Amino acid sequence: DKGKILALDTVDRLIEAHGGESVIKATLESPPPDDSDLPGVLDGVDLRIETTKPMEELAKLTGSGLKFLQIQVDRPDLEAVFLNLTGRRLRDR
C-alpha cells in the first residue's frame, strides 16, 4: 500500500486471514412462510448470507425445501484482502 507491505503470506493464507466471508446471493422461487430460521437477510425473495462455509449453508437451505431461481456465491479474493487491510479499492487513490 503506497510502497508499504501490509501483509506477507501465501495467497490462500492472506485470503483466509484478511479476505472476509463468502457472500451467498440467492433469489428464492417464493418467500418462505416462516423466515425466522433463515440465516442472513431476506428482502422479498432475495436472500443474502455471509458465511465462511457457503456450500454447507446452501446444502442446509436446499435440504429445508427452499427452491431457488438463482444462486451466486462470491468468495473473497486478493482485492477483498487489500480492501480489508487498507479500507479502499485497488483503483482508489
Side-chain angles (χ1 to χ4, degrees):
D1 181 34
K2 297 182 183 180
K4 294 181 183 176
I5 295 175
L6 301 179
L8 184 63
D9 211 328
T10 66
V11 171
D12 289 338
R13 286 186 182 179
L14 286 170
I15 291 171
E16 184 179 321
H18 305 287
E21 295 184 322
S22 294
V23 177
I24 300 170
K25 298 174 189 172
T27 303
L28 304 177
E29 191 173 271
S30 61
D34 179 17
D35 63 3
S36 62
D37 291 340
L38 286 177
V41 177
L42 182 65
D43 182 14
V45 293
D46 295 321
L47 179 61
R48 177 184 165 88
I49 303 168
E50 293 186 24
T51 179
T52 57
K53 298 179 180 180
M55 295 305 125
E56 290 179 20
E57 287 292 340
L58 286 171
K60 284 184 210 173
L61 291 171
T62 55
S64 71
L66 284 179
K67 295 187 180 178
F68 301 96
L69 296 175
Q70 180 177 335
I71 297 172
Q72 176 181 334
V73 178
D74 295 326
R75 294 182 182 259
D77 56 13
L78 284 177
E79 184 170 3
V81 170
F82 184 84
L83 178 62
N84 286 335
L85 289 173
T86 65
R88 61 182 195 284
R89 299 221 175 261
L90 290 171
R91 300 200 191 283
D92 293 348
R93 295 189 186 241

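The structure presented is a predicted model; accordingly, all values stated were derived computationally and were not measured.
Contact annotation: the side chain of Leu42 never approaches that of Arg48 to less than 4.5 Å [non-hydrogen atoms, C-beta and beyond]. No side-chain heavy atom of Leu58 sits less than 4.5 Å from a side-chain heavy atom of Ile49.
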For a quick test of your reading: what N or O donor-acceptor pairs under 3.5 Å do the side chains of residues 3-31 make, sequence neighbours left out?
from	atom 1	to	atom 2	distance (Å)
Thr10	OG1	Arg13	N	3.2
Lys25	NZ	Asp74	OD2	3.3
Thr27	OG1	Asp46	OD1	3.4

List the atom pairs, donor and acceptor, that lie under 3.5 Å between side-chain atoms in residues 33-41 and the rest of the protein, sequence neighbours left out.
from	atom 1	to	atom 2	distance (Å)
Asp34	OD1	Ser36	N	3.1
Asp34	OD1	Ser36	OG	2.8
Asp34	OD2	Ser36	OG	3.2

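Under the 4.5 Å side-chain heavy-atom criterion for grouping Ile, Leu, Val, Met, Phe, Trp and Tyr, Val81 is not connected to Val73 through any hydrophobic cluster.
The distance from the OG1 atom of Thr62 to the CZ atom of Phe68 is 6.5 Å, given to the nearest 0.5 Å.
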